[in-house]
> 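Below are the structure tokens for one structure; questions will follow.
Here is the naming used below: chain letters follow the sequence lines, and residue numbers restart at 1 for every chain.
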There are 2 protein chains.
Amino acid sequence: MTEQSPRRMTKGERTRARILDSATELFSRSGFHAVSLRDIAAHAGLTHAGLLHHFPGKEELLVQVLGRRDRVDARLLFGPGTATPEGVLRTVVGFVARNMTTPGLVGLYVKISGESVAPEHPAHAYFVDRYRVLREQLTGAFAALFARADPPPGHDPALAARQLLALMDGLQTQWLLEPDAVDMHAAVTAFIRQLGLDLDLTPEPAPGP
Amino acid sequence: MTEQSPRRMTKGERTRARILDSATELFSRSGFHAVSLRDIAAHAGLTHAGLLHHFPGKEELLVQVLGRRDRVDARLLFGPGTATPEGVLRTVVGFVARNMTTPGLVGLYVKISGESVAPEHPAHAYFVDRYRVLREQLTGAFAALFARADPPPGHDPALAARQLLALMDGLQTQWLLEPDAVDMHAAVTAFIRQLGLDLDLTPEPAPGP
DNA sequence: GTCTATAGAAAGATAGAC
DNA sequence: GTCTATCTTTCTATAGAC
């Protein structure tokens, strides 16, 4: 969850990280508007005034919570694992598998993305951009895979990218409502098979120590 | 939007309906937590104290807003138009087409369903039940259509039902973020075609007055 | 049925002591 | 860097006049 080697973090950086962890967990549980800075500060073990020493306001705190998670995903999405079209799909399907181990973070995205469709929401621009990046990567991957598939399935790569992202998002809501009844990973891999693609989507072994 | 012939409504019933209309619109625009009873009352042309004469509290107001919309859909989903499997799909795809004309209501569902994954949310039980009903109807329809399709596509009807609902939900978020860039109806009908079904999903003419 | 007035709680944010 | 104390606003909800 933290970003740097803890040994090299100052006390302030550690407090900041603790605040971000708490904000992530509470936003995940209840959304943005339903959580107060006092809640977050108490969870992180300080007062809300202490919290505001590290972050200028609630909105900025949300943006940083989202940004921190996103940096992890972006590294995966543009890293060495996505040099091939199969790699891109493997990585995205890997997000789904990973998400099934972190209901809190999934809750964060479901709640905040729902709130963020309002243009004045502090995370609106963030989500517009996030979909754009994921869509572009997936569109390129589908284009390559459809072109080399036999027989060519004749789907629109951009549409397939949008459908896959929509499927992933919609499954998250159903999974959060009834975790035991929904296998998001199975539903996503089945969709890719329905597109006429026969890929090995076994995830790469996790990098490093 | 209103439910009864306006001529037979008392003044109180009319006010109640106006409040529900306003609550629907404002919840749609900004979600549950971000809207106050004062906002809703002002939009309906009375004070928040006047509003509370008609509804016991904010949560009950939300439940009634959702229930009113649902009664309309339930009538369609179990009405004469869904006597056949094709009719069920036609009706559900019709929901998508209708939704593209009412971004406000779509916003309501995206925001409230996102918030409602928390078990203590006033609309939690509502959404669990809503998915169950839609899933059951769609599973039955897919089972019949897969069985009679040539060649039989060999998909799991229950999984396809879940995928279709997830796709519809996920598309709504993308559509609300960028309305002009997303054609929900096209994406949904394409998905049904990808399942190996070749159906005429032209909507039935709306039932007359 | 709707209002004014207000209670009481909680929110985000700031000032200044330590 | 963190605290207490406080300001200001806004919220849900209630009481009682009209």
Side-chain angles (χ1 to χ4, degrees), chain A residues 2 4 6 8-27 29-66 111-112 115-116 118 120-123, chain B residues 2 4 6-27 29-66 111-112 115 118 120-123:
Chain A
T2 48
Q4 306 201 348
R8 288 199 168 272
M9 292 174 80
T10 66
K11 181 182 179 195
E13 284 168 340
R14 254 181 288 129
T15 304
R16 254 182 80 90
R18 228 173 52 235
I19 292 169
L20 282 175
D21 285 344
S22 296
T24 301
E25 179 169 341
L26 295 188
F27 284 154
R29 208 182 289 163
S30 313
F32 178 71
H33 291 294
V35 169
S36 71
L37 290 181
R38 283 177 169 82
D39 295 336
I40 296 166
H43 190 276
L46 73 172
T47 63
H48 84 287
L51 186 156
L52 286 170
H53 172 75
H54 297 276
F55 297 90
K58 193 184 181 188
E59 301 204 346
E60 181 59 23
L61 182 56
L62 170 65
V63 169
Q64 296 207 27
V65 164
L66 295 175
K111 294 194 194 67
I112 306 295
E115 294 178 359
S116 77
E120 68 276 13
H121 192 279
Chain B
T2 48
Q4 306 200 348
R7 265 297 174 206
R8 287 197 169 272
M9 292 173 79
T10 65
K11 182 183 178 192
E13 283 169 340
R14 254 180 289 128
T15 303
R16 253 182 81 90
R18 228 173 54 236
I19 291 170
L20 282 175
D21 286 344
S22 295
T24 301
E25 180 170 340
L26 295 188
F27 284 154
R29 207 182 288 164
S30 312
F32 178 70
H33 291 295
V35 169
S36 70
L37 290 181
R38 278 178 170 82
D39 295 336
I40 296 166
H43 190 276
L46 73 171
T47 64
H48 81 286
L51 187 156
L52 286 169
H53 173 75
H54 296 277
F55 297 89
K58 195 185 180 187
E59 302 205 346
E60 181 60 22
L61 182 56
L62 170 65
V63 170
Q64 295 207 26
V65 163
L66 295 174
K111 293 193 196 67
I112 306 294
E115 295 178 358
E120 67 275 14
H121 193 281

> When the distance from CD1 of B/Ile40 to P of D/dC11 is rounded to whole Å, what number comes out?
11 Å
> Under 4.0 Å between any heavy atoms, over every strand shown, what does A/Leu52 touch: base, sugar-phosphate, or nothing? Just pick one.
base
> Checking side-chain polar atoms at under 3.5 Å, does B/Asp21 have a donor or acceptor matched by the opposite partner on B/Thr24?
no
> CG of A/Leu51 versus P of C/dA11: gap in Å, rounded?
13 Å
> Could you give me the CA-CA distance, side-chain angles and deciding distance for B/Thr10 and B/Glu13, then say whether side chain to side chain contact (heavy atoms under 4.5 Å, CB included) is met?
CA-CA 5 Å; B/Thr10 65; B/Glu13 283 169 340; 3.5 Å; yes
> It should be established whether A/Thr47 places a side-chain nitrogen or oxygen under 4.0 Å from OP1 or OP2 of nucleotide D/dC3.
yes
> Assess whether a salt bridge exists between A/Glu25 and A/Arg29, defined as any Lys/Arg side-chain N lying under 4.0 Å from an Asp/Glu carboxylate O.
yes
> Closest nucleotide of DNA chain D for A/His48 versus for B/Lys58: which of these residues is on the 5' side?
A/His48
> Taking only N and O in the side chain of B/His53, is any of them less than 4.0 Å away from OP1 or OP2 of C/dT2?
no
> How close or far is atom C1' of D/dC3 from atom NZ of A/Lys11, stated in whole angstroms?
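These atoms are roughly 12 Å apart.
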> Tell me the interatomic distance from B/His33, atom NE2, to C/dA11, atom P, rounded to whole angstroms.
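The answer, rounded to whole Å, is 12 Å.
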> Distance check needed: C/dT14 C1' versus A/Phe55 CZ, whole Å only.
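A/Phe55 atom CZ is separated from C/dT14 atom C1' by 18 Å.
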> Nearest-Å distance, CG (B/Leu26) to C1' (D/dC11)?
16 Å
> Think B/Thr15 has a side-chain N or O under 4.0 angstrom from the OP1 or OP2 of C/dG1?
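Indeed not, no polar side-chain atom of B/Thr15 lies that close.
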> Does A/Phe32 have its ring centroid less than 6.0 Å away from the ring centroid of A/His121?
yes
> In whole angstrom, what separates A/His54's NE2 from C/dA13's C1'?
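One finds 16 Å between C1' of C/dA13 and NE2 of A/His54, rounded.
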> Find which nucleotide of DNA chain C each of A/Ala49 and B/Ala49 is nearest to by heavy atoms, and output the residue with the more 5' nucleotide.
B/Ala49
> Quick one: A/Arg38 CZ to D/dC7 C1', roughly how many Å, whole number?
11 Å
> Just call it for A/Ser36: base, sugar-phosphate, or nothing, with non-hydrogen atoms closer than 4.0 Å on any strand.
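Sugar-phosphate, no base atom in range.
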> Any chance you could measure A/Lys58, atom NZ, to A/Phe27, atom CZ, to the nearest 0.5 Å?
6.0 Å
